[in-house]
Amino acid sequence: MKTSIAWQEDKHFTAETDSGFKVEIDGNQTVGSRPMELILAGLGGCTSYDVVNILQKARQEVVSCVAHVDADRADTIPSVFTEIRIHFVVTGRKIKESHVARAVKLSAEEYCSASLMLERGGVNIVHSYEVIEVE
């Protein structure tokens, strides 16, 4: 896996991923996201993929899954993440809460490489969820 990062101007960079997609990175936030925001987005995407995949394999009828990710950072340089909170809102039909709890736990403890990497680096990650029933 590889990614190329090319400087554009000032604090603006373009990343091209191994899969050929481009991401704008910008410390000024005028044409792209800040790098630390992308880490949270990557974490949220990784764990959301796991949760939805596990629920679908359990034949749960998921209509929507939104992961709200917020974090605290150290006050000193380097300003690393100290705690990240991930709150899943899973919407569906006849979704069993026990299945959601299991999916979140499996993602956190076994499958999500981003989550496991950050935790092994000393970041406390807190997971929570809610289930919304729709007809």
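Every value quoted in this text rests on a predicted model; they were computed, and no experiment measured them.
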inquiry  = Please report the interatomic distance OG(S19) to NZ(K2), rounded to the nearest 0.5 Å.
reply    = 12.0 Å

Separation of D18 CG from E16 CD (nearest 0.5 Å) = 9.5 Å

inquiry  = With a 4.5 Å cut-off on side-chain heavy atoms, are K94 and Q60 touching?
reply    = no

ask   = Is there a donor-acceptor contact under 3.5 Å linking the side chains of S115 and T47?
value = no

task = Linking directly or through intermediates, with side-chain heavy atoms under 4.5 Å: list the remaining ILVMFWY members grouped with I86, chain and number order.
result = M36, I39, L40, L43, V51, L55, V62, V69, F81, I84, F88, V90, I95, V100, V104, L118, V123, I125, Y129, V131

ask   = By side-chain contact (heavy atoms from CB on, under 4.5 Å), which residues pair with F13, not counting sequence neighbours?
value = I5, W7, I25

Hydrophobic cluster partners of F21 (side-chain heavy atoms under 4.5 Å) = none

ask   = Which atom pair, heavy atoms only, marks the closest approach of S113 to C46?
value = N-SG, 3.8 Å

query = For L106, does its backbone N or O pair with a side-chain atom of E109 as donor and acceptor, under 3.5 Å?
reply = no

message = I'd like to check the side-chain contact (heavy atoms from CB on, under 4.5 Å) partners of N28; sequence neighbours left out, ordered by chain and number.
response = D10, K11, D26, T30

inquiry  = K105 vs R102, test: side chain to side chain contact (heavy atoms under 4.5 Å, CB included). Steps then yes/no.
reply    = CA-CA 5 Å; K105 181 178 171 66; R102 180 177 176 273; 5.7 Å; no

remark   = Contacts of V89 meeting side-chain contact (heavy atoms from CB on, under 4.5 Å) (sequence neighbours excluded), chain-then-number -> H68, H87, T91, E130, I132

ask   = Any side-chain donor-acceptor pair under 3.5 Å between Q8 and T14?
value = yes

Residue pairs fulfilling salt bridge (charged side-chain N to carboxylate O under 4.0 Å, His left out) with at least one residue in residues 44-61, sequence neighbours excluded = E61-R93

request  = Compare every heavy atom of L116 with every heavy atom of A108, then report the nearest pair and how far apart it is.
outcome  = O-CD2, 3.3 Å

message = Taking the basic N atoms (NZ, or NE/NH1/NH2) and the acidic carboxylate oxygens, is any pair closer than 4.0 Å for R85 and E83?
response = yes

request  = Check for a donor-acceptor pair, side chain of S79 on one end and backbone N or O of A74 on the other, with a separation under 3.5 Å.
outcome  = yes

